[in-house]
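Small disclaimer: the values here were computed from a predicted structure and weren't measured. Proteins get letters first, then strands, A, B, ... in listed order; numbering begins at 1 in each.
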Amino acid sequence: MSSSLLHPPAHLSPSVALQLSQLAPSLLRNAPSSITSYSLSSLWAPAESPELWTTYENLMLSCLRTGDEQSAHLCLERLTERFGAENERVMALRGLFQEATAQDDAALKQVLGEYETILAKDPGNMPVSKRRIVVLKSLNKTIEAITALNQFLDASPTDAEAWAELADLYVSQGMYPQGIFALEEVLLITPNAWNIHARLGEVLYMAASTNDSGSDKYLAESMRRFCRSIELCDDYLRGYYGLKLTTGRLITNPPQASRQSKSDTGLPPPDIKTVERLNEAATSKLAEIIRRNASGEAGWQGYDEAEIIAAKELLDRQSAPIIR
Amino acid sequence: MTWLSNSITGLGLLFLAHACYSAHEHSALHSTSTASISSIVSHGTSAPTVASLPLDISLETIVAVFTVCLGLVLGTPELRPIQWRVWAGKIEREGEKGFMNGDGQTDKDYVGNPFKVLESRPGFIDIRKQRKEFAEWVREGGGTSAAPKS
């Protein structure tokens, strides 16, 4: 349990978050509130560990999420006591606390104003600039958030997290080519991130579903991205799901040998035989994953339940026409 | 499996101690006997008799060392995958449970998918949205009906 407090709790399910925040009072009582170096008591006090402060930070996030503001404030106070109010990360956390407790948009705008004064003093404060972008997003000023994020990335172009956020913002606005570009930037920084490969495949698939002109190219590219994600990660359910979807569509409406392909520098459209074999491979792998997960086989239980259900549905949907 | 490796290591150590003890005893006995002989034959050729250990003690030492090695090798924890796709697949397939150590706790250095932060993005966490979602989840009765998973 304490191990999951060492990781950022953003992706946890509500029940786990609730559980974590219910741990807060006892944790706060037992954990040392502050660690003083160079004092007599440090002789018998437990050694300071980085995990302690990570725990405080993540505990604070969980508590804010579940509305336990008292514990969150206590965490924040202890972090401030240890690292000082001028610490960039602590500043961002205090802003986060104010955001969470802000009652309406006016209060949120006040927080935004505070961020801007901080940034006017120190434009290099990365955590606070990120918070500012989030507040802009939260106020439904997505376009401004995108502009701010672009400025942020001009200053720090190797921040994969920011590129990924930018990609999501673009995709939420339906600007798929920009989103694809941002995801490709993420992959330049972390080329082995299998989930980002799958994400890029998904965005490409979305782009192919809406866009008519370059749809074939997007679809083929999407298939390749899913293939790469599987190559990087054995038995990757998300990758196989995407592969099954894309190859299924490539089989039903195969890409026409387009005239403009001569001017394209991109890869040629995939061979229909290859696509069919990939589709078969994805189907059998998905079936295997579902079967083994359902039978409770040890070592196959790490999958997300919702993903398993979705994969089952996909298989049922695709196999139904064959049975009839 | 641990008891097997532990007992093999223990046995090897026992053999090793025995071999050391035998060697010590042998050398002690040998030196006293040669000393008494040399005192009797005081004017003989004073070539120092090379105290060579008997073959069985040397053999026992070697066997003991190999037994200890075998025990230690058998006792190594399960090797981690070194291929990227195997390692990543293990994370996806088994989740946290795949990285338990002996006493049922997840390894301290377990991070799960290290690239998950690129999708959850703790730096860009939208706390208001999360609070709203959580409040909705509570309103739907998620807090009471759904038994919290471990």
For [X], I'd like to know if atom [atom1] has over 12 heavy atoms of other residues, nucleotides or ligands within 6.0 Å.
| X | atom1 | value |
| --- | --- | --- |
| B/F124 | CZ | yes |
| B/L29 | CG | yes |
| A/E184 | CD | yes |
| A/E297 | CD | yes |

Rounded distance (nearest 0.5 Å) linking atom CD of A/E231 with atom CH2 of B/W84
13.0 Å
Top contributor to chain B contacts, counting heavy-atom pairs under 4.5 Å, from A/L232, A/L237, A/I230, A/T190:
A/L232
Best-contacting candidate, A/I133, A/D304, A/D168, against chain B by heavy atom pairs under 4.5 angstrom:
A/D168
Is the shortest side-chain heavy-atom distance between [X] and [Y] below 4.5 Å?
| X | Y | value |
| --- | --- | --- |
| A/E161 | B/P122 | yes |
| B/R85 | A/C233 | no |
| A/W163 | B/L118 | no |
| A/R131 | B/I125 | yes |
| B/E119 | A/N195 | yes |
| A/L108 | B/R128 | yes |

Carboxylate-amine/guanidinium contact A/E99 B/R131, below 4.0 Å:
no
Quick check on [X] against chain B: is it the side chain, the backbone, both or neither that has a heavy atom closer than 4.5 Å?
| X | value |
| --- | --- |
| A/R238 | side chain |
| A/I196 | side chain |
| A/A298 | neither |
| A/N192 | both |
| A/Q301 | backbone |
| A/I289 | neither |
| A/A92 | neither |
| A/I189 | neither |
| A/R292 | neither |

Take B/E94 and A/W300 through the test side chain to side chain contact (heavy atoms under 4.5 Å, CB included) and record every step on the way to the result.
CA-CA 5 Å; B/E94 304 184 16; A/W300 291 79; over 6 Å; no
Report the option among B/I91, B/V86, B/V117, B/I127 that has the most heavy-atom pairs separated by less than 4.5 Å from atoms of chain A.
B/I127
